[in-house]
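Remarks on the structure that follows.
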Amino acid sequence: MENSNNEGVILTSLNDEEVKSLTEERIKKKRVWEIDFARGFAIILMVLDHLMWNIYDFTYKFFDVNVNFLGGNFTPNIPNENGISLPAYLYSYMQVGGWYYNWDVRVAFRQVVLILFFIICGISFNFSKNNIKRGFILLGCGIGITALTGIGVALDLFSLRSSFIPFGVLSCYGTIILLVYFFKWLTLKLSKNNIKIWYFVSFIICLLSIFITVYYDVANINYRFNPENPTQVFIGIIGTIFGFSTWGGDFFPLFPYITYFLIGEFIGNTVYKNKESLFKREPKVTKPITFVGKHTIWIYVAHIPLITIIHCILYWAAGFNLVLF
């Protein structure tokens, strides 16, 4: 109570501009914990999905394990054609990834997580101090991943069609931030800051996105390109960005994901218009996940290389050699 009274005395001694400045500073320092929690929860689920992919897909493609889970033609402790046998414990470990990755529920579950992730990203758009900077950082990280996978293709470390990532989630996220920032700025400027006009423009973009997505899905349009033809590869990259071509394991076209982002942006403009938490206090039990939510980009960038290195060590220790193709 004493602190509250002292605070009141301090505030009454300040002029309007100083009070406003102090209030804005508080808002900047205070994060909305439930948004960080939701973001952290989504990224943890995404990391688990990638872990299962690494267990199942990466290991038997990049090492001479030659396990066919679906065919059921592999027995633990029986040497393969290279004379190396897969220990029973390692086989059981890989079966977990194989079971999850071929689980029908996974497809729907993954899509729900992605929708949640982009909606949260849209809400966060209204909290960012500098969306231009954030958009370019994310896009730069995405281009970095494209460059690394491109170098891997150039060195014949893996297949162009299956492993090259021309437009992954970070590229998609960064591009959407920049596009939404530009269109929102232009709309508000032309409409003299009429937010309702921006809502209408957002609605039109969402309708266009849904139409394009449904059209390509119903028409079953999936551009097939020749990876040896540079012109067709370029068209394949453009198709991947807009959704009429699927390329690589990390495939995130602008449509339909910009729709989910704009839904989140609308929620941020309305539900979180004051940029304050809807809950008075964060429970202690949620703080670890909230911490993850505050550092999602670094976790996303680092988790795949880290998981890959750990599995490389695991399989090398078991005697398996890396297979480059």
message = Walk me through whether F200 and T187 qualify under side chain to side chain contact (heavy atoms under 4.5 Å, CB included).
response = CA-CA 10 Å; F200 176 74; T187 302; over 6 Å; no

According to a hydrophobic-cluster definition based on side-chain heavy atoms being under 4.5 Å apart (Ile, Leu, Val, Met, Phe, Trp, Tyr only), do [X] and [Y] belong together?
{"X": "I177", "Y": "L186", "answer": "yes"}
{"X": "L139", "Y": "W298", "answer": "yes"}
{"X": "I310", "Y": "I304", "answer": "no"}
{"X": "V112", "Y": "M52", "answer": "no"}
{"X": "V201", "Y": "F203", "answer": "no"}

Any donor-acceptor N or O pair under 3.5 Å, side chains [X], [Y]:
{"X": "E34", "Y": "Y272", "result": "yes"}
{"X": "E282", "Y": "T290", "result": "yes"}
{"X": "N131", "Y": "K184", "result": "no"}

Atom [atom1] of [X] and atom [atom2] of [Y]: how far apart are they, to the nearest 0.5 Å?
{"X": "I35", "Y": "I267", "atom1": "CD1", "atom2": "CD1", "answer": "8.5 Å"}
{"X": "I123", "Y": "F125", "atom1": "CD1", "atom2": "CZ", "answer": "13.0 Å"}
{"X": "S128", "Y": "K133", "atom1": "OG", "atom2": "NZ", "answer": "9.5 Å"}
{"X": "I205", "Y": "E265", "atom1": "CD1", "atom2": "CD", "answer": "10.0 Å"}
{"X": "I176", "Y": "T259", "atom1": "CD1", "atom2": "OG1", "answer": "8.5 Å"}
{"X": "I44", "Y": "I289", "atom1": "CD1", "atom2": "CD1", "answer": "5.0 Å"}

query = Any donor-acceptor pair under 3.5 Å linking the side chain of N126 with the backbone of K275?
reply =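 Not at all, since once roles are kept as given, no pair shorter than 3.5 Å links the two residues.
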
For a quick test of reading the model, state the closest non-hydrogen atom pair linking [X] to [Y] and the distance between them.
{"X": "L262", "Y": "S202", "result": "CD1-O, 3.8 Å"}
{"X": "C141", "Y": "L170", "result": "CB-CD1, 3.8 Å"}
{"X": "S209", "Y": "P256", "result": "OG-CA, 3.3 Å"}
{"X": "A42", "Y": "L116", "result": "CB-CD2, 4.3 Å"}
{"X": "I237", "Y": "P166", "result": "CG1-CB, 4.0 Å"}
{"X": "C172", "Y": "P253", "result": "SG-O, 3.6 Å"}

task = Return the orientation label for the W33 and F37 ring planes: parallel under 30°, perpendicular over 60°, tilted otherwise.
result =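 The arrangement is perpendicular - the two ring planes meet at more than 60°.
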
task = Hey, can you tell me if Y257 and F252 have their rings parallel, tilted or perpendicular (30° and 60° cut-offs)?
result =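 Ring orientation of Y257 relative to F252: tilted.
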
Is the shortest side-chain heavy-atom distance between [X] and [Y] below 4.5 Å?
{"X": "Y300", "Y": "H50", "answer": "yes"}
{"X": "Y199", "Y": "T270", "answer": "yes"}
{"X": "L188", "Y": "N194", "answer": "no"}
{"X": "N269", "Y": "W198", "answer": "yes"}
{"X": "F291", "Y": "D36", "answer": "no"}
{"X": "I43", "Y": "M46", "answer": "yes"}
{"X": "R110", "Y": "L114", "answer": "yes"}
{"X": "F255", "Y": "F211", "answer": "no"}

Heavy-atom neighbours of F127 CZ exceed 12 at 6.0 Å = yes

ask   = Does atom CZ of F136 have more than 12 heavy-atom neighbours from other groups under 6.0 Å away?
value = no

message = Test side chain to side chain contact (heavy atoms under 4.5 Å, CB included) on L179 and L254; report intermediate values, then the result.
response = CA-CA 10 Å; L179 287 175; L254 293 177; 4.1 Å; yes

request  = Enumerate the residue pairs fulfilling salt bridge (charged side-chain N to carboxylate O under 4.0 Å, His left out) with a member in residues 288-300, sequence neighbours excluded, ordered by first and then second residue.
outcome  =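 Every pair satisfying salt bridge (charged side-chain N to carboxylate O under 4.0 Å, His left out) with a residue in residues 288-300: there are none.
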
request  = Hey, could you give me each pair passing side chain to side chain donor-acceptor pair (under 3.5 Å) that has a residue in residues 168-179? Not counting sequence neighbours.
outcome  =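 Checked against side chain to side chain donor-acceptor pair (under 3.5 Å) - neighbours excluded - the pairs reaching residues 168-179 are R134-Y173.
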
task = Could you check F261 against I119 for side chain to side chain contact (heavy atoms under 4.5 Å, CB included), going step by step and ending with a plain yes or no?
result = CA-CA 5 Å; F261 185 93; I119 289 176; over 6 Å; no

message = Quick check on side chain to side chain contact (heavy atoms under 4.5 Å, CB included): which of D49, I55, L51 does Y100 satisfy it with?
response =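 For Y100, the side chain to side chain contact (heavy atoms under 4.5 Å, CB included) check succeeds only for D49.
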
inquiry  = Between F251 and T240, does the side chain to side chain contact (heavy atoms under 4.5 Å, CB included) criterion hold? Intermediate values first, please.
reply    = CA-CA 7 Å; F251 168 64; T240 302; 3.5 Å; yes

